[in-house]
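Just so you know, ligand 1 is whichever comes first in the structure, and atom 1 is the first atom listed for that ligand.
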Amino acid sequence: MHTITTALLAIGPPGIPVLHPQSHYAHSIFELSSWVLWVCLGIFLLVAGLVSYAGWKFRARPGDADPRQVFGSRKWEAAYVIGPTLLLAVIFGFTLHVMHTSDPPAQASGDDIVVVGHQWWWEVRYPKLGFVTANEIHIPAGKNVQFGFESMDVIHDFWVPELGRKIDMIPGRHAKIWLAADHPGTYLGACAEFCGKEHAWMRIRVIADTPATFAAWSSAESRAVTPPATTSEQRGLHYVTSMPCASCHTIVGTSARGIIGPNLTHLASRETLAAGRLQNTPQQLSAWLHNPDAFKPGSHMPNLHLTDDQRNDIVQYLETLK
Ligand code: CUA
């Protein structure tokens, strides 16, 4: 049954498994959708079967007189209204129940993680742990994690289908849901509400760690970065803090304190760049700095027309931000 449902509903953005629930929240959504799908399939077969049967059984034959005309039937009309209404009410009840499972109580405070949508990347705050990162979200596996959601500009929609429900991020509002991952692993998601030119490149990576790995990761994120050692790295730091980079990006421990773009404090510990558009390798980082528009046309990351030497120094420096 599970396999058939999966085959019937094999849709979703490429590479993002939509029908592979990996938490009790995602499981309850998956079960509800499968159940509704099978009920609807049953109704379709029943209606299509009855229509086909009637069409065949009562077809006109040569010499037939006009059929007897029927003008309504109270009994059947009532059944047509009451039957579907009851069915929809039952589906509505189950849907409310499933929605309720992943919603923290209205008075719940203290989000573990707050995700802020920006055109076109995700700011990820850990208010309890006291640091900020971007685009890649680490969570401890096997725990219910309370997520808060906000938006800095337009409506975005956070969706990591393996871990739970979708949630709209509406400017001026704070939404919250629980998400979880049963097992350690990497879970992919994407923005699910059209939010402008680079909507398709607002990818999400949730990395569920074992408790020990999560503790190690969060203590590394809280640590100050080590000062650059080589002269090239030092020049890189100088460029980052003296050029426009610093007015958009923060690197904790330096004078770079911008909040328009992603926090770069531990950039080198991330797997991807530009919300999933590029792999975080020195080559791709350099290519991104050389011409952001080649990868994300319309992104707010400007082309600073760096010389090759400047770019090389900046990459050397950014690679130290482990
Ligand atoms: Cu953000 Cu679509």
Student: Answer whether the closest heavy-atom distance between the side chains of Met301 and Trp288 falls below 4.5 Å.
Tutor: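 Touching, per the 4.5 Å side-chain cut-off.
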Student: After noting the C-alpha distance and the side-chain angles of Glu123 and Arg125, does the key distance pass the salt bridge (charged side-chain N to carboxylate O under 4.0 Å, His left out) rule?
Tutor: CA-CA 7 Å; Glu123 177 183 339; Arg125 302 180 188 153; 2.7 Å; yes
Student: Would you mind checking if Lys75 and Glu77 are paired as a salt bridge, meaning a charged N to carboxylate O distance below 4.0 Å?
Tutor: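 Salt bridge flag = no for Lys75 with Glu77.
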Student: Describe, in one word, how the ring planes of Phe149 and Phe158 are oriented to each other, choosing from parallel (under 30°), tilted (30 to 60°) and perpendicular (over 60°).
Tutor: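 Ring orientation, 0 to 90° scale: tilted.
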Student: With the threshold set at 4.0 Å, does a side-chain nitrogen-carboxylate oxygen contact exist between Glu136 and Arg203?
Tutor: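 Salt bridge: no.
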Student: Just to be sure I understand the site: which N, O or S atoms from the protein are less than 2.8 Å away from atom 2 (Cu) of ligand 1?
Tutor: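 Cys191 SG, Glu193 O, Cys195 SG, His199 ND1, with waters left out.
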Student: So, using side chain to side chain donor-acceptor pair (under 3.5 Å) as the criterion, who are the partners of Gln146 when residues are at least two apart?
Tutor: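 Asp111.
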